[in-house]
Amino acid sequence: MNVLLVYAHPEPKSLNGSLKNFSVKRLEAAGHIVQVSDLYAMQWKASLDADDSMDREAGARFDPALDSKRAFENGRQSEDIALEQKKLLWADALILQFPLWWFSLPAILKGWVERVYAYGFAYGVGEHSDAHWGDRYGEGTLAGKRAMLVVTTGGWESHYGPRGINGPMDDILFPIQHGILYYPGFDVLPPFVVHRTSRMDEARFSEICGALGQRLDDLWKTAPIPFRPQNAGAYDIPELTLRADISPGQSGFAAHIE
């Protein structure tokens with residue numbers, strides 16, 4: 001299988017760097033073909049701006065969505081964007097690896113999403129009608145592929161527990177897993193999270209690698225998070241709210257998981 005690992009940490013000698021190297025070796029040893037997009041090493045441009053389209057008229061008003069659409073349709077995207085899109089189409093599985101900074105993605109990885117997920121590629125696709133509101137949330141360009149997050153954080157696991165001060169980790173990652181990954185069609189696997197990164201010794205690192213290695217070995221066996229597909233009947237369209245008989249009385253992120 002083909003695996004794309006998009007990696008966002010500025011220090012190659014970090015724990016993240018070691019885990020990235022371990023993952024590549026483990027996947028390749030299992031016979032998979034791996035490409036790594038090391039965003040800091042690539043000096044990836046994080047900001048989505050007018051320069052991402054090569055055919056804009058000088059002085060024209062910049063419209064992020066429409067300019068993205070025109071550039072994608074006409075093959076006039078910035079070369080770095082087009083290359084990452086090709087990698088996504090090539091990949092059978094995507095791994096996003098990053099440290100949890102301020103409860104979200106590092107800016108450079110958020111910028112990768114904003115620029116690579118062009119209009120017509122990751123969003124704005126499919127029929128929009130009273131019965132089908134676009135190919136998204138379970139459908140889309142990247143449907144049939146798998147995705148998983150590998151996340152590190154300095155906080156204790158209890159800090160991210162059901163009653164932890166930081167909020168449940170599943171809730172914190174929901175916008176990434178449901179919005180960034182499930183939206184364009186990925187089957188999203190449960191995340192692999194490493195807590196208390198500042199408390200690491202050889203024994204614990206070996207234990208973490210063992211657990212991560214098992215998750216990588218099971219990349220095509222692990223059941224994905226059962227997010228509710230948008231166009232399969234659970235949601236009223238075009239309101240895009242859950243039907244009254246689906247999870248009655250429940251709201252929030254958990255209501256969108258079967």
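The first residue in the sequence is number 1, and the count goes up from there. Predicted, not measured: the structure shown is a model, and the values here were computed from it.
In the hydrophobic clustering of this structure, V188 groups with L100; members are Ile, Leu, Val, Met, Phe, Trp, Tyr whose side-chain heavy atoms approach within less than 4.5 Å, directly or through other members. Cluster membership for L189 and M1, using ILVMFWY side-chain heavy atoms within less than 4.5 angstrom, is shared. Following chains of ILVMFWY side-chain contacts shorter than 4.5 Å, one can reach L219 starting from L212, so the two form part of one hydrophobic cluster. Cluster membership check: V116 does not share its hydrophobic cluster with L5, using side-chain heavy-atom separations under 4.5 Å among Ile, Leu, Val, Met, Phe, Trp and Tyr. There is a path of hydrophobic side-chain contacts, each under 4.5 Å, that joins L39 to F98.
For the side chain to side chain donor-acceptor pair (under 3.5 Å) test, no residue two or more places apart in sequence or in another chain qualifies with Q43. Take W90 and apply the ring-ring contact (aromatic ring centres under 6.0 Å, His included) test, not counting sequence neighbours, and it matches no residue. In this structure E84 satisfies the side chain to side chain donor-acceptor pair (under 3.5 Å) test together with S37, K87, W112, sequence neighbours excluded. Residues satisfying the ring-ring contact (aromatic ring centres under 6.0 Å, His included) criterion with F174, sequence neighbours excluded, are H178, F227, F253. For S14, the side chain to side chain donor-acceptor pair (under 3.5 Å) test picks out H9, with sequence neighbours left out. Partners of Y183 according to the side chain to side chain donor-acceptor pair (under 3.5 Å) rule, which considers only residues two or more places apart in sequence or in another chain, are R136. With sequence neighbours excluded, the residues satisfying ring-ring contact (aromatic ring centres under 6.0 Å, His included) with H128 are W133.
Here the side chains of P229 and Y182 are in contact, with some heavy-atom distance below 4.5 Å. Between S68 and S53 there is no side-chain heavy-atom pair separated by less than 4.5 Å. Within the 4.5 Å cutoff, side-chain heavy atoms of L96 are placed close to those of L94. Residues Q97 and N16 meet the side-chain proximity criterion, which asks for heavy atoms closer than 4.5 Å. Residues L19 and T152 meet the side-chain proximity criterion, which asks for heavy atoms closer than 4.5 Å. R228 places none of its side-chain heavy atoms less than 4.5 Å from the side chain of I257. Side-chain contact between Y117 and L88 is present, with heavy atoms from C-beta onward closer than 4.5 Å. W44 places none of its side-chain heavy atoms less than 4.5 Å from the side chain of L109.
Closest approach of P10 to W101, counting heavy atoms only: CD-CH2, 3.8 Å. Nearest approach of I108 to A8, heavy atoms of both residues: CG2-CB, 4.0 Å. The shortest heavy-atom contact between T197 and G154 is OG1-CA, 3.7 Å. Here the closest non-hydrogen pair linking A143 and G138 is CB-O, 4.4 Å. Closest non-hydrogen pair, P224 versus D187, comes out as CB-CB, 4.1 Å. Here the shortest heavy-atom pairing between A118 and Q77 reads CB-OE1, 3.5 Å.
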Residues T241, E239; criterion side chain to side chain donor-acceptor pair (under 3.5 Å); working and verdict: CA-CA 6 Å; T241 55; E239 294 87 352; 5.6 Å; no

Side chain to side chain contact (heavy atoms under 4.5 Å, CB included) evaluation trace for D51 with S78: CA-CA 7 Å; D51 292 335; S78 173; over 6 Å; no

Side chain to side chain contact (heavy atoms under 4.5 Å, CB included) between I95 and L27, intermediate numbers included: CA-CA 12 Å; I95 296 173; L27 289 165; 4.2 Å; yes

Verdict with reasoning, Q177 to L149, per side chain to side chain contact (heavy atoms under 4.5 Å, CB included): CA-CA 8 Å; Q177 297 187 135; L149 303 182; 3.5 Å; yes

Side chain to side chain contact (heavy atoms under 4.5 Å, CB included) between F192 and V151, intermediate numbers included: CA-CA 6 Å; F192 184 85; V151 183; over 6 Å; no

Taking distance alone, no hydrogens or angles, what donor-acceptor pairs closer than 3.5 Å link side-chain atoms of residues 201-210 to residues at least two apart or in another chain?
residue	atom	partner	partner atom	Å
D201	OD1	A203	N	3.3
D201	OD1	R204	N	2.7
R204	NH1	H195	O	3.3
R204	NH1	R196	O	3.0
R204	NH1	R199	O	2.9
R204	NH2	H195	O	2.6

Show me, pair by pair, the donor-acceptor contacts under 3.5 angstrom made by side chains of residues 69-76, not counting sequence neighbours?
residue	atom	partner	partner atom	Å
R70	NH2	D67	OD1	2.6
N74	ND2	R70	O	3.0
R76	NH2	M54	O	3.2

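Annotation: the span from L89 atom CG to T141 atom OG1 amounts to 7.5 Å, rounded to 0.5 Å. In this structure, CE in M169 is found 5.5 Å from CG in L173, a value given to the nearest 0.5 Å. If you take NE2 on H32 and CG on L216, they are separated by 8.5 Å, rounding to the nearest 0.5 Å. To the nearest 0.5 angstrom, I33 atom CD1 is 9.0 Å from D92 atom CG. Distance CG/D135 to CG/N231: 7.0 Å, rounded to 0.5 Å. Remark: I225 CD1 to M148 CE distance equals 11.0 Å, nearest 0.5 Å.
Screening residues 11-37 for salt bridge (charged side-chain N to carboxylate O under 4.0 Å, His left out) gives R26-D217 as the qualifying pairs, with residues at least two apart or on separate chains. Residue pairs meeting the salt bridge (charged side-chain N to carboxylate O under 4.0 Å, His left out) criterion with at least one partner in residues 103-118, sequence neighbours excluded, are D52-R115, D80-R115, K110-E114.
Note: Y123 and Y119 have perpendicular aromatic rings, judged against thresholds of 30 and 60 degrees for the angle between ring planes.
When atom types are taken as modelled, the side chain of N21 and the backbone of G17 share a donor-acceptor pair closer than 3.5 angstrom. Judged purely by atom type and a 3.5 angstrom limit, S129 uses its side chain to pair as donor or acceptor with the backbone of H132. For R215 (side chain) and P190 (main-chain N/O), a donor-acceptor pair under 3.5 Å exists by modelled atom type.
For E157, the CD atom is loosely surrounded, since the number of other residues' heavy atoms within 6.0 Å does not exceed 12. For W156, the CH2 atom is loosely surrounded, since the number of other residues' heavy atoms within 6.0 Å does not exceed 12. In this structure, E127 places its CD atom where more than 12 heavy-atom neighbours from other residues, nucleotides or ligands lie under 6.0 Å away.
For H256 and Y235, the distance between ring centers is under 6.0 angstrom.
Grouped with L48 in one hydrophobic cluster are F62, the linkage being side-chain heavy-atom contacts under 4.5 Å among Ile, Leu, Val, Met, Phe, Trp and Tyr residues.
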